[in-house]
Amino acid sequence: MTFEEMLNETGITHIEAEFRSDTKPPYIVHEEDTQTICADSVVVHIEGNIFLYLFHSKADTASEEAVESVLNSHKIAYSKSRSWIGGSQRVYLVTYGFSARLEW
């Protein structure tokens, strides 16, 4: 299963890095930092720190539950933090962070 397929299971619109148009919440933006481990000049392991940014309205706890359900079903241990972005849309940001062996 690819990382994109895993995010599709949430049923929430998602894209890597940034949206290029005005998108109404909920939506997910994801980024990854990659680290490689080499032995004898050959990459033997690729690991990444993944960050999912879930943008939603305060009343929309279902989107958080959808993301967490998918992460839990794939046995991914994650950290989570919440913040309020504000603005006219009253957008809330939930950040999920985790490390994973990158095979996708």
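- One distance of note links CD1 of Ile28 with CD of Glu16; it measures 13.0 Å at 0.5 Å rounding.
- Taken to the nearest 0.5 Å, the CG atom of Leu71 stands 6.0 Å off from the OH atom of Tyr78.
- Residues satisfying the ring-ring contact (aromatic ring centres under 6.0 Å, His included) test with His56, not counting sequence neighbours, are none.
- Under the 4.5 Å side-chain criterion, counting only non-hydrogen atoms from C-beta, Glu31 is not in contact with Asn49.
- A search for side-chain hydrogen bond (donor to acceptor under 3.5 Å, both in side chains) contacts involving Glu9 returns His74, not counting sequence neighbours.
- Looking at heavy atoms from C-beta onward, Pro25 lies out of side-chain contact with Asp60 at the 4.5 angstrom threshold.
- Residues Glu47 and His45 have side chains that bring a donor and an acceptor to within less than 3.5 angstrom of each other.
- Here the straight-line distance linking atom CZ of Phe98 with atom CD of Glu32 works out to 9.5 Å at 0.5 Å rounding.
- The shortest distance between side-chain heavy atoms of Tyr92 and Leu54 does not fall below 4.5 Å.
- Partners of Thr95 under the side chain to side chain contact (heavy atoms under 4.5 Å, CB included) rule, at least two apart in sequence or in another chain, are Tyr53, Ser81, Leu93.
- Remark: side-chain polar atoms of Ser69 are not paired, donor with acceptor, to backbone N or O of Ala66 under 3.5 angstrom.
- Tyr96 has its side chain out of reach of Ile50: every pair of non-hydrogen atoms, C-beta onward, lies at least 4.5 Å apart.
- Residues Leu52 and Leu7 are in side-chain contact: their nearest non-hydrogen atoms beyond the backbone lie under 4.5 Å apart.
- For the residue pair Cys38 and Val43, the shortest heavy atom distance occurs at SG-CG2, 3.8 Å.
- For the atom pair OG (Ser73) and CE (Met6), the distance works out to 8.0 Å, reported to the nearest 0.5 Å.
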